[in-house]
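What follows is a short report on a single structure.
Values reported hereafter were calculated over all heavy atoms of this structure, with side chains retained and with hydrogens, waters and symmetry mates removed. Everything quoted here is computed from the prediction, not taken from an experiment.
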Amino acid sequence: MSLLQSVEFGNAGDLDTHGTGWFVGFGEWTHGPATALRHVADGTTSSGPCIKYFRHPAGHPNGDPKPLSEGRTLSMLVDAEGEFRIEFSTRADFAPADSLAHTLRRHGDFVIWGPGIHHRAFGIQAACILTVRWA
């Protein structure tokens, strides 16, 4: 394999992720035009990371529940300013007694969680979030 096939340069914010923000990992949106180094093909055994870089406008994603977590996930505020709340629960209905919330407000604030956790997020102010998932 040549060096050109082993290295890819770019800016996460400039990549076409079909509106998902996921730029490394499994899924059709991670295919690159040349080497596809960011894409892990279906059926490939991997415990490597999936990485998302996404600028959430205020009000996005407005608390839409996400799929049940697999592996571990870390989300970090990478903006100098912004506010992004993530809620977690052991139950899909986010019953208050079984839920907690954390708000990312300062550059570098992060939250990390493990498998089997339900989560949903709220873009309180526009915020750029870097999310990494791994097994």
Side-chain angles (χ1 to χ4, degrees):
M1 181 177 282
S2 77
L3 184 59
L4 289 177
Q5 293 173 314
S6 300
V7 179
E8 185 177 339
F9 296 92
N11 178 284
D14 293 340
L15 296 171
D16 181 7
T17 64
H18 303 280
T20 67
W22 288 103
F23 67 95
V24 174
F26 300 90
E28 294 303 311
W29 53 85
T30 60
H31 282 287
T35 63
L37 289 172
R38 295 177 289 107
H39 179 71
V40 179
D42 289 340
T44 301
T45 302
S46 174
S47 60
C50 294
I51 303 168
K52 179 179 182 178
Y53 174 90
F54 195 78
R55 174 161 288 287
H56 295 270
H60 181 267
N62 202 30
D64 296 333
K66 305 300 178 194
L68 190 65
S69 295
E70 298 179 15
R72 295 179 184 150
T73 305
L74 175 139
S75 287
M76 176 183 288
L77 178 66
V78 295
D79 269 337
E81 298 180 9
E83 192 168 356
F84 194 77
R85 185 175 78 241
I86 306 176
E87 296 180 354
F88 305 93
S89 184
T90 56
R91 298 174 39 160
D93 65 358
F94 287 83
D98 298 305
S99 300
L100 63 91
H102 183 77
T103 302
L104 307 175
R105 291 188 176 97
R106 192 169 55 92
H107 176 82
D109 282 354
F110 71 90
V111 62
I112 186 169
W113 63 97
I117 302 295
H118 297 275
H119 71 286
R120 60 188 182 184
F122 300 83
I124 299 167
Q125 296 177 9
C128 188
I129 304 294
L130 178 71
T131 300
V132 181
R133 287 192 181 143
W134 66 98

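Here the closest heavy-atom approach between residue Ala127 and residue Gly82 is recorded as CB-CA, 4.1 Å.
Rounding to the nearest 0.5 Å gives a distance of 13.5 Å between CZ of Arg106 and CD of Glu81. The distance from the OG atom of Ser99 to the CZ atom of Arg91 is 8.0 Å, given to the nearest 0.5 Å. Atom CZ of Arg133 and atom CD of Glu70 lie 9.0 Å apart (nearest 0.5 Å). One distance of note links OG1 of Thr131 with CD1 of Ile112; it measures 11.5 Å at 0.5 Å rounding. Residue Thr20 holds its OG1 atom at 7.0 Å from NZ of Lys52, rounded to the nearest 0.5 Å.
The side chain to side chain donor-acceptor pair (under 3.5 Å) analysis of residues 57-66, with sequence neighbours excluded, yields the pairs His56-His60. The stretch residues 119-128 participates, sequence neighbours left out, in these salt bridge (charged side-chain N to carboxylate O under 4.0 Å, His left out) pairs: Glu87-Arg120.
Between Leu130 and Phe110 there is no side-chain heavy-atom pair separated by less than 4.5 Å. Val78 has its side chain within reach of Tyr53: a pair of non-hydrogen atoms, C-beta onward, lies under 4.5 Å apart.
Qualifying salt bridge (Lys or Arg N to Asp or Glu O under 4.0 Å) partners for Arg55, counting only residues two or more places apart in sequence or in other chains: Asp79. Arg105 is linked by a side chain to side chain contact (heavy atoms under 4.5 Å, CB included) to Glu83, Thr103, Asp109, counting only residues two or more places apart in sequence or in another chain. A search for side chain to side chain contact (heavy atoms under 4.5 Å, CB included) contacts involving Asp14 returns Asn11, not counting sequence neighbours.
Counting non-hydrogen atoms of other residues, nucleotides and ligands closer than 6.0 Å to CZ of Arg85 gives a total above 12.
Membership of the apolar cluster around Val111 extends to Leu77, Phe84, Ile86, Phe88, Leu100, Leu104, Trp113, Ile117, Ile129, as traced through chained side-chain contacts below 4.5 Å between ILVMFWY residues.
Put simply, the side chain of Ser89 gets close to the backbone of Asp98: a donor and an acceptor are under 3.5 Å apart.
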